[in-house]
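In what follows, a single structure is set out as structure tokens and then discussed.
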Amino acid sequence: MTVGSPTVPQRQFPSGAAYAEALQHTQLCFQHPELRGARPEVTKLGLPRAISGAFASVFSLTSPTSGRRYAVKCFTRYVPDQERRYQAISARLARLDQAELSQPWNLGFDYLPDAITVGQERYPVLKMEWIEAVTLSSWLDANHADRFAVDRLADRFAALTGDLSRHEIAHGDLQHGNLLVANDDTLRLVDYDGMYVPALSGLGGTERGHRNYQSPLRGNDDFGVTLDRFSAWVIFMSLKSIATDPALWNRLHEPSGEFLLLTEDDFKRPGGSTGLQTLLAHPDRAVSSLADQVRSLAFQPLDLLPPLSDAIPKQRTAATTTSAPAAPVTTAPGGAGGLPGWMNGHVTPQAVPPQVAPPGAAPDCFRTRAVLDVVTAVLVPLLLAMSGLLLVVGGPLPPAGIGAPVVIAAAITMIAWSRRVERAQSQAVLTGLTAQLAQLDDPVKAAEKLRKQKAKFDAQEAKRTAAYPKEQEKLIARYHAELKEAEQRKIRKQRDIAKKIDGLSEELSKALAKALAAKQTAYVRDQLDRRLIAQSPPHGIGKTLAARLADVGIRTAADFTGYRAVQNNSYNSVGAELKLRSGRFVNVPGIGEAKAVALDIWRKDLYNSAVARQPSALTPTERLPIEQDNARRRAQLTGQRQTLESATEALRESARKRWEDGQKRLARENALAGEDAARQRQEFSRRTVALQENSALHGALSDSVDTARLRRRGLSYAHYVWFLYIGR
């Protein structure tokens with residue numbers, strides 16, 4: 001059973017059928033030298049044969065280069081941190097010293113990212129050694145009647161779990177399909193997807209394991225060295241039971257069943273389990289004791305389960321790793337508690353309720369008579385006889401006087417009864433037991449309190465685990481938003497720069513035209529500046545008028561730009577005012593409209609003549625600074641465009657750094673919270689065990705209190721009177 005880990009959007013993987021279709025053309029879908037062109041094992045229809053699992057399909061491929069056969073696992077579902085997990089597992093298994101292992105159970109594998117092409121995308125595969133072996137259930141189908149072989153395999157399985165335990169490794173999914181029996185009857189362990197190694201501490205699990213082999217208390221967060229403990233006991237119990245009584249295989253196992261002897265329902269509801277009851281009622285002590293052990297472990301927290309590897313005697317494990325036949329399983333006495341010798345240490349002793357140690361045993365009867373008892377036994381009959389004599393004789397005594405000896409006799413016996421040491425002892429025992437019972441919490445209330453606290457804790461953990469991926473999604477969303485903003489900013493600036501670059505050609509043309517216009521204007525003005533009115537006066541302008549014009553600043557054709565006619569009211573005539581280059585109008589005595597017209601015509605003729613001779617183009621020297629300035633601006637804009645990409649990349653890198661820092665912070669906070677949660681779960685486990693012990697002690701003390709009160713009935717007043725005269 002797989003466990004989802006909702007963080008970033010999960011990648012979709014092809015189906016087993018899609019992989020099978022791609023593997024029809026291994027020369028196209030693979031690039032790996034040993035897999036490219038490999039020959040797949042095919043079905044009768046000629047299609048690659050797939051062995052499908054929970055989230056992968058396995059194909060058998062024979063390499064065309066080496067001729068070696070490989071098992072290629074193609075993933076059909078998302079696995080969190082897949083590459084990191086396989087790298088850590090591969091590194092840990094590679095460090096194992098094969099000489100120190102009980103058997104060559106670990107298989108080599110290579111994780112190949114982007115190894116196979118399906119459609120338009122590439123996906124990772126796992127390339128593993130191919131081993132000629134059969135699954136544990138298939139092997140039992142053929143060999144369950146061979147008691148010695150099954151018993152030897154059980155010990156080899158125990159040795160395998162010992163290897164895992166010593167190296168702090170947990171497989172995570174020990175079950176019949178992942179345990180292969182090779183031709184030499186040694187075990188091979190396959191499917192390392194959910195394996196735990198120390199380097200993966202802090203990560204969550206990727207699966208819960210096969211439901212028919214896991215504790216009912218295993219949850220999504222369980223991932224550590226204790227993962228295999230319950231399933232190890234289930235498999236070991238099944239193998240040892242079959243070795244003891246081979247008929248159990250056909251009796252409890254179903255053909256092609258996904259279990260050995262027991263299923264998930266047997267662990268969850270042992271009271272209604274036919275299979276478990278059959279094992280518990282088995283006449284062989286080895287079978288019933290192991291079944292009882294599995295039943296008790298099903299309701300204990302995983303971190304409190306005893307490891308199977310720690311319980312196997314080393315000399316027996318060493319002996320069973322060879323091919324020598326193992327000794328038959330016997331049920332001879334000699335083990336502790338009546339168990340067979342080979343089971344010493346295998347089975348956790350059954351929980352025994354704590355013994356109550358009251359302050360001395362409570363007596364239930366009176367024993368030796370004391371002097372006071374003898375005196376009381378003598379006086380009481382005398383007093384009763386005296387009362388009877390007074391009653392017979394009669395006399396003046398009142399009735400109260402006649403009954404006085406009876407009252408005295410009763411008082412004497414009450415005093416003697418109250419001073420019996422047995423009553424003091426009984427009261428002391430009852431008081432001590434009651435005091436002990438008062439110090440204990442009510443088991444029902446304590447259990448309810450613990451249940452509520454666990455429920456609150458589970459709700460908080462569920463909220464925390466649900467919030468973690470949401471916070472990751474927020475970080476990713478913020479990261480993508482920053483990337484989008486940086487890209488949009490870059491596009492806007494690129495558009496502005498491109499627009500400016502495109503406009504540089506037009507700007508160059510305008511600048512050149514402007515420079516040419518300025519050159520032409522300067523030329524015309526220079527030509528006009530050179531024509532003095534005094535030297536070449538227009539028609540009708542003499543020296544006197546030329547002097548008057550000079551007095552107002554008009555010396556050349558460039559000093560005025562025109563005239564305007566004005567009405568001369570004094571002489572009832574039309575005069576003229578000349579327009580200076582500055583735009584100001586001046587009145588020159590002697591210059592009427594006719595002379596102003598003559599001056600303007602003279603100026604225009606000179607102007608038109610100069611315009612006709614003005615330069616039509618700029619010289620290369622004049623063009624060069626304008627073109628250089630335009631080129632400089634083009635270079636600046638081009639540089640800005642190049643710098644813009646670097647600036648955008650810096651923004652991307654800054655956003656990525658903030659995202660990674662946020663991811664690390666979240667992961668660190670989540671890891672710390674996970675550690676706190678693990679400690680809290682351990683505390684709940686400890687309190688659960690303590691509650692069980694407290695409940696057992698509370699029950700024992702309650703029973704002792706009831707017994708002490710019952711025994712006190714033998715010390716009643718009536719029993720004391722009986723004791724005085726009968727003696728018991």
Just by modelled atom types, is the Val118 backbone N or O under 3.5 Å from a matching donor or acceptor in the Tyr19 side chain?
no

Check the angle between the aromatic planes of Tyr192 and His171 and answer parallel, tilted or perpendicular using the 30° and 60° thresholds.
perpendicular

Between Phe230 and Phe267, does the ring centre distance come in under 6.0 Å?
yes

Other residues, nucleotides and ligands only: do more than 12 of their heavy atoms fall within 6.0 Å of CD on Gln98?
yes

In short, Gly172 meets Arg218 closest at the heavy-atom pair O-NH1, 3.0 Å

Thinking salt bridges, do Lys127 and Glu34 make one under a 4.0 Å N-O criterion?
yes

Qualifying residues under side chain to side chain donor-acceptor pair (under 3.5 Å), relative to Ser241, sequence neighbours excluded:
none

Ring center gap for His176 and Phe259 short of 6.0 angstrom:
no

So does Arg122 have more than 12 non-hydrogen atoms from other groups sitting under 6.0 Å from CZ?
yes

Quick one, Glu41 with Arg69, criterion salt bridge (Lys or Arg N to Asp or Glu O under 4.0 Å). Give me CA distance, side-chain angles, the key distance, then yes/no.
CA-CA 10 Å; Glu41 181 183 348; Arg69 192 177 181 188; 2.8 Å; yes

Does a salt bridge link Asp245 with Arg147, judged by any charged N lying under 4.0 Å from a carboxylate O?
no

I want to know whether Phe75 and Tyr123 have ring centres closer than 6.0 Å.
no

Kindly compute the distance separating CG (Leu179) from OG1 (Thr135), expressed to the nearest 0.5 Å.
9.5 Å

Between Tyr196 and Glu168, do the side chains contain an N or O donor and an N or O acceptor separated by less than 3.5 Å?
no

Value rounded to 0.5 Å, distance of CG in Leu290 from CG in Leu239:
10.5 Å

Do you see a donor-acceptor pair shorter than 3.5 Å between the side chains of Asn670 and Arg464?
yes

Tell me if the CD atom of Glu21 is crowded by more than 12 foreign heavy atoms within 6.0 Å.
no

Under 4.0 Å between a Lys/Arg side-chain N and an Asp/Glu carboxylate O for Lys268 and Glu264?
yes

Is there a donor-acceptor contact under 3.5 Å from the side chain of Ser289 to the main chain of Arg285?
yes

Exactly one candidate in Asp228, Leu160, Leu136 meets side chain to side chain contact (heavy atoms under 4.5 Å, CB included) with Ile235; the answer is Leu136

Value for NE2 (His282) from CG (Leu280), rounded to nearest 0.5 Å, stands at 11.5 Å

Derivation of the salt bridge (Lys or Arg N to Asp or Glu O under 4.0 Å) call for Asp155 and Arg152:
CA-CA 5 Å; Asp155 290 331; Arg152 183 171 62 246; over 6 Å; no

Within the 3.5 Å criterion, strictly below it, is a donor on Asp163 or Ser102 matched to an acceptor on the partner's side chain?
yes

